[in-house]
2 protein chains.
Amino acid sequence: MTSLTEENYLKAIYTLINAVDKKASTNEIAKKMETKASSVTDMLKRLNEKGLVDYEKYKTVQITEKGKQVAISIIRKHRLWEYFLVENLNFGWDEVHDIAEQLEHIESIELTNKLDEFLGFPKFDPHGDPIPNSKGVFPSRESKKLSDAKIDSEIVIIGVEDHSTNFLNFLSEMNIELGTELSIKTKHSFDNSILVVNSENQKITLSQKVANNLFIKIKHEN
Amino acid sequence: MTSLTEENYLKAIYTLINAVDKKASTNEIAKKMETKASSVTDMLKRLNEKGLVDYEKYKTVQITEKGKQVAISIIRKHRLWEYFLVENLNFGWDEVHDIAEQLEHIESIELTNKLDEFLGFPKFDPHGDPIPNSKGVFPSRESKKLSDAKIDSEIVIIGVEDHSTNFLNFLSEMNIELGTELSIKTKHSFDNSILVVNSENQKITLSQKVANNLFIKIKHEN
DNA sequence: TAAATTTTTTAGACTCATCTAAATTTAATA
DNA sequence: TATTAAATTTAGATGAGTCTAAAAAATTTA
Ligand SMILES: [Mn+2]
Ligand SMILES: [Mn+2]
Ligand SMILES: [Mn+2]
Ligand SMILES: [Mn+2]
């Protein structure tokens, strides 16, 4: 039995460990969980006791296979529910995260799998994040960023790195969503911003920060 | 803010008060909540403090308008989710209650209303229980029991009083579900059992206990 | 390497929700 | 009405999860 709180800690630890150049230190976990470092220490002891993490004091924590499976299962549910909310209930992609934060803790393997089937076994959620299957395996995908795209190439937006409502709203204003096709026109070397053109011939200038937060698939490299 | 636990207590108190010949005594609440009377007393103090119930010690509790609205909102969510699970995810009507017990606590009025819309604003859940609308109003319905049906009348099963998996399984074995049409043939006075015939000419004998747990609509009274 | 700073852990306290055992009040019965 | 029984509340304890303040360890800087 894992409590709602334990599940949230495991998810945070898992994503911290799997992010580049980040480690699951007490402070990092506290920041992600919006709690205090002392609370994290308490929880790490408990998770260690339950065999969900390997923890020795003053050393950075490692997640066990058991803990990893819990984390992946929570991520699977989160992303499936987000997909449901956007595709079936007509929510915007910027409105679903908080609701999915609640739904991801509903405990019923049968429910998760039937939901997956009902949705048609989607591989990616509304933000382009991969959805692990019922065995916990993530679909693979080349993950290039818009900032890596070459001039004159044609690309499709397939995901976002930053999931904040702020960023998603900004993209909507720029007429960018998942599936949007863009041609790369110019890269300005003085600020690394990129000029792109969409299928309706609109010119859009995107800052390096924005380009760094967009995952793409390359259609053509001229 | 109402916690998950408070919501469950309010739902229990509400249904106890609205059931015939039952009052929301400490012991009754404890029985329904599968907890101890002393825990109930603690919770009643807290709910009273929050203005969700009117409670004075040693007197039976009353629910306030505020508490009633919370309870109805939980019931609304419970029944909408049950409907979704049966209609969209292909669960059986005997499998959905426990999952709905979890889903009913998801907090998002927008989600509830969008789910309602997605489902086509259903009026009754898979067990025939009325679903309150977004304003908390229950659809009305004549609620006759099968045990009240007259000989030679034709009726439709529209609901169950007993929601236990046991009873629902039994009904499935008897080929009875919501919408099943039956003709009342004989009432045996010595044990009050009823002989009915379904649309496929199957003869089914139902005990008084069963007949007392089935809500019906009358189609014909010959 | 020693001092200063940052990170992490511990100690102790708090809330929510629960329990058992005992005390109190209410209801039933003789 | 007095006694007994049942229902209810109080007292005190526990566990999960959190916090602040202080101590201890690790890291950085001089
Ligand atoms: Mn999300
Ligand atoms: Mn997502
Ligand atoms: Mn139910
Ligand atoms: Mn129901």
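Summarising the local packing, NZ of K145(A) is surrounded by more than 12 heavy atoms from other residues, nucleotides or ligands at distances under 6.0 Å. In K150(A), the NZ atom is not crowded: 12 or fewer heavy atoms of neighbouring residues, nucleotides or ligands sit closer than 6.0 Å. The neighbour count for D191(A) CG, taken as heavy atoms of other residues, nucleotides or ligands under 6.0 Å away, is above 12.
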Anything under 3.5 Å between a protein N or O and an N or O of nucleotides 22-26 of chain D, put it in a table, one pair a line.
from, atom 1, to, atom 2, distance (Å)
dA25(D), O4', Y58(A), OH, 3.4

Polar atoms only, N or O, under 3.5 Å: list the protein pairs with nucleotides 19-21 of chain D and their distances.
from, atom 1, to, atom 2, distance (Å)
dC19(D), OP2, T35(A), OG1, 2.5
dC19(D), OP2, K36(A), N, 3.2
dC19(D), OP2, S39(A), OG, 2.7
dT20(D), O4, S38(A), OG, 3.0

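Listed by first then second residue, pairs satisfying salt bridge (Lys or Arg N to Asp or Glu O under 4.0 Å) with a partner in residues 31-40 of chain B number zero, not counting sequence neighbours. Screening residues 125-141 of chain B for salt bridge (Lys or Arg N to Asp or Glu O under 4.0 Å), with sequence neighbours left out, gives no hits. Residue pairs meeting the salt bridge (Lys or Arg N to Asp or Glu O under 4.0 Å) criterion with at least one partner in residues 90-112 of chain B, sequence neighbours excluded, are K11(B)-E101(B), K11(B)-E104(B).
Between R79(B) atom CZ and L119(B) atom CG the span is 15.0 Å, to the nearest 0.5 Å.
Across all strands shown, T41(A) has heavy atoms under 4.0 Å from base atoms, whether or not it also approaches the sugar-phosphate. The residue K59(B) sits apart from the nucleic acid: no heavy atom pair falls under 4.0 Å.
Under a cutoff of 6.0 Å and an axis angle of 45°, K114(B) and F91(A) form a cation-pi pair.
When Watson-Crick and G-U wobble pairs are counted only if both distances are under 3.5 Å, dT10(D) pairs with dA21(C).
Both N27(B) and Y9(A) lie near DNA chain D, and the one whose nearest nucleotide falls closer to the 5' end is N27(B).
Taking atom CG of N8(A) as the reference point, atom P of dA16(D) lies 17 Å away to the nearest angstrom. Atom-to-atom, CG of L52(A) to P of dA16(D) comes out at 14 Å; the value is rounded to the nearest Å.
If you run side-chain hydrogen bond (donor to acceptor under 3.5 Å, both in side chains) between H105(A) and each of E7(A), H78(A), K77(A), only E7(A) comes through.
Taking the 5' to 3' direction, DNA chain C first and last meets chain A under 4.0 angstrom from a heavy atom at dT7(C) to dT10(C).
Ion pairing between R76(B) and D116(B) holds under the 4.0 Å rule for side-chain N and carboxylate O.
The two residues S147(A) and I194(A) make their nearest non-hydrogen contact at CA-CD1, 4.1 Å.
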